[in-house]
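Here is how names work: the chains are called A, B, and so on, in the same order as the sequence lines, proteins then strands, and each is numbered from 1. This structure is a prediction, so every number in the text was calculated from the model and none was measured.
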Amino acid sequence: MTTMTREETEALIAEVLEVYPEKAKKDRAKHLMVNDQSIEQSKKCITSNRKSLPGVMTVRGCAYAGSKGVVWGPIKDMIHISHGPIGCGQFSRAGRRNYYVGTTGVDTFGTMNFTSDFQEKDIVFGGDKKLTKLIEEVEMLFPLHKGISVQSECPIGLIGDDIEAIAKKGAVTIGKPIIPVRCEGFRGVSQSLGHHIANDTIRDWVLDKRDGTPDTSTPYDVAIIGDYNVGGDAWASRILLEEMGLRVVAQWSGDGTLAEMMNTPKVKLNLLHCYRSMNYITRHMEEKYGIPYMEYNFFGPTKIIESLRRIAGFFDDSVKEKAELVIARYQPMMDAIIAKYKPRLQGKKVMLYVGGLRPRHIIGAYEDLGMEVVGTGYEFAHNDDYDRTIKEMGNTTLIYDDASGFELEEFVKKIKPDMVGSGIKEKYIFQKMGIPLRQMHSWDYSGPYHGYDGFAIFARDMDIALSNPVWGNMVPPWKKEVVEEIAKAA
Amino acid sequence: MANIMIRTADSGGLTFYLPKRDLEASISSIEFDTPEKWGGELKLDNGGIYFIDPIARPSRLPISLRARRIGAAED
């Protein structure tokens, strides 16, 4: 149970909002809530997916980030052209650690940056010719690529370049698919719309390309959807599914290929990990191809066991039996990890502020270690995410949507968690305040965190962060004496 | 008019999904629910009301349809 009551949490929200002007206060109040598990619909108490207020420091991304950085970027055998000025592509290059197998620059291109490097003259005269030339050059220099996606940056939409026409023409010239993605950064309120746009382009340009081709599928085919292989996550998930007797046909999109995506409509079940960024395509496949989808959670043994059993429920008894065997095989390893780390981590409080699926999915993993999540929030969630979160979080805990830098700092100061899980922009602020922070967007350069193997690493990382002796030395020695003297005098 | 998708919920009822606004809600009542005539006014649990032209009950869900909103937009 949390140490704060409902009244205290409400008072905290009111106190933090006090600094805002009247109008901003009214708006921000809608995005903060005290959790109440009895609520069925989150929209009654929290507003989400709205434009951020000008002036507050939001940590959201843009539609381009959602499309190029999240959905399309990790597809390793395609070349993703950042069409527009050079910065967007360069500063989003390889930052997400979507691991893949292959020889970069020969048959895989995940960590490379391809851009049309727009200059003033391209804005004035249009960039169509440049894009055509770029496509030809790419084909000449990297003949083993399997296709190209053109990720528009803001100016493309502003000057109205017809990238669809170029893509169609170019695809005929080089004989490979070219997918124009209209993910200009100004679209939508956050990266969330970029995910949606990217999903729609996959639906329109990729998914139906192998319809009607001979089917070599088995009754045990599944696809991992919405796992971006951050630090090897998808691999840690995949081995569990394979041990269960399932055949993983496609990984979307971490370590994924274009061919895998085209083969996905032939699977029997779509396993959806990141609901926020890929539910669109699974909904489409459910309607068009009759493939059911299931949300699963591979963080922490409790949730893994629950998910494995639910996945096995879609298949025959042989898979169900093997699922039990998998659970039994890893149980001793999990018991050992929990026996080792739980005494060290028991009762520690965590606050999370990330995006996608993590603010609710990781809660189970922390609870397995005896830790407690006292506050959580999403950068770009919609109300269906909060519907799911309310059930996962304890009563009277704090939930925040699109929190600003100020709000987050104040919450942390008042709630005093033992640890914060957020991004790099928050990391050093909180560490200077003396609170360990794990960067939960890309597992702080560690990982994987999914699956049984991932939990072992997760537990170790949390222990390393919390037990680091540096947190006991936050007061420098010359100030320490003064503190002690004051204490003595008093 | 907006494109919507109706699917069977895990709990057995129907859910309503409006891709344009990423709005998901469960359908609390449907006006016509017979094999020949299915559709009409859909009342959602979030207070919204939408109208779809009645059709024969689809053999398989989910299904994408055109719907008209009746009344004010809900949140």
Side-chain angles (χ1 to χ4, degrees), chain A residues 27 30-31 39-50 66 187-197 199-200 203-204 270 272 275-296 310 313-314 378 380-388 391 401, chain B residues 1-30 33 35 38-75:
Chain A
D27 183 277
K30 294 181 201 157
H31 293 264
I39 296 173
E40 285 295 324
Q41 276 190 315
S42 59
K43 76 177 197 84
K44 294 197 173 111
C45 45
I46 197 159
T47 305
S48 57
N49 200 29
R50 292 284 185 277
R187 293 183 196 273
V189 298
S190 65
Q191 54 264 63
S192 191
L193 190 72
H195 304 143
H196 199 152
I197 292 167
N199 277 241
D200 287 355
R203 178 194 68 197
D204 296 340
N270 276 326
L272 180 58
Y275 171 85
R276 181 71 274 134
S277 60
M278 285 231 178
N279 76 78
Y280 317 100
I281 200 77
T282 55
R283 284 176 196 274
H284 170 72
M285 281 194 261
E286 188 181 33
E287 185 184 5
K288 187 169 177 193
Y289 301 100
I291 304 167
Y293 70 87
M294 192 204 110
E295 287 173 56
Y296 70 105
R310 278 188 56 216
F314 281 84
Y378 298 82
F380 54 83
H382 299 198
N383 272 7
D384 39 5
D385 292 296
Y386 287 104
D387 289 342
R388 290 162 171 79
K391 303 290 166 219
D401 175 67
Chain B
M1 296 286 271
N3 284 317
I4 61 140
M5 186 186 273
I6 294 174
R7 71 185 287 258
T8 318
D10 296 335
S11 54
L14 295 174
T15 48
F16 173 96
Y17 177 65
L18 178 55
K20 180 92 182 164
R21 288 172 55 208
D22 259 319
L23 183 115
E24 194 176 32
S26 52
I27 297 172
S28 47
S29 79
I30 181 165
D33 194 11
W38 182 87
E41 265 185 29
L42 306 174
K43 288 204 173 69
L44 308 182
D45 65 343
N46 65 7
I49 304 172
Y50 285 78
F51 179 84
I52 54 171
D53 288 329
I55 50 167
R57 184 186 284 160
S59 57
R60 199 183 78 185
L61 290 175
I63 184 170
S64 284
L65 296 163
R66 298 280 285 170
R68 200 171 64 237
R69 194 181 65 225
I70 297 173
E74 68 287 62
D75 268 324

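Considering only residues two or more places apart in sequence or on other chains, Tyr296(A) meets the ring-ring contact (aromatic ring centres under 6.0 Å, His included) condition with His273(A), Phe298(A).
For the pair Arg388(A) and Tyr275(A), the cation-pi criterion (under 6.0 Å, within 45° of the ring axis) is fulfilled.
Neither the backbone nor the side chain of Asp200(A) comes within contact range of chain B, judged by heavy atoms closer than 4.5 Å. In this structure, chain A has heavy atoms under 4.5 Å from both the backbone and the side chain of Asp45(B). Only the backbone of Lys288(A) comes within contact range of chain B, with heavy atoms under 4.5 Å apart.
The shortest distance between side-chain heavy atoms of Asn49(A) and Phe380(A) does not fall below 4.5 Å.
In the displayed structure, Arg310(A) atom CZ is contacted under 6.0 Å by at most 12 heavy atoms of other residues, nucleotides or ligands.
The NZ atom of Lys43(B) sits 8.5 Å away from atom CD1 of Ile70(B), with the distance rounded to the nearest 0.5 Å. Taking CG of Leu272(A) as the start and OG1 of Thr282(A) as the end, the distance is 4.5 Å to the nearest 0.5 Å.
Taking non-hydrogen atoms and a 4.5 Å limit, the residue list of residues 51-64 of chain B in contact with chain A, ordered by number, reads Arg60(B), Pro62(B), Ile63(B), Ser64(B).
Ranked by heavy-atom pairs under 4.5 Å with chain B, the first of Glu286(A), Glu40(A), Lys44(A), His196(A) is Glu286(A).
For the residue pair Ser48(A) / His31(A), no side-chain donor-acceptor distance below 3.5 Å is found, with atom types taken as modelled. Inspection of the Arg276(A) and Tyr280(A) side chains reveals an N or O donor paired with an N or O acceptor under 3.5 Å.
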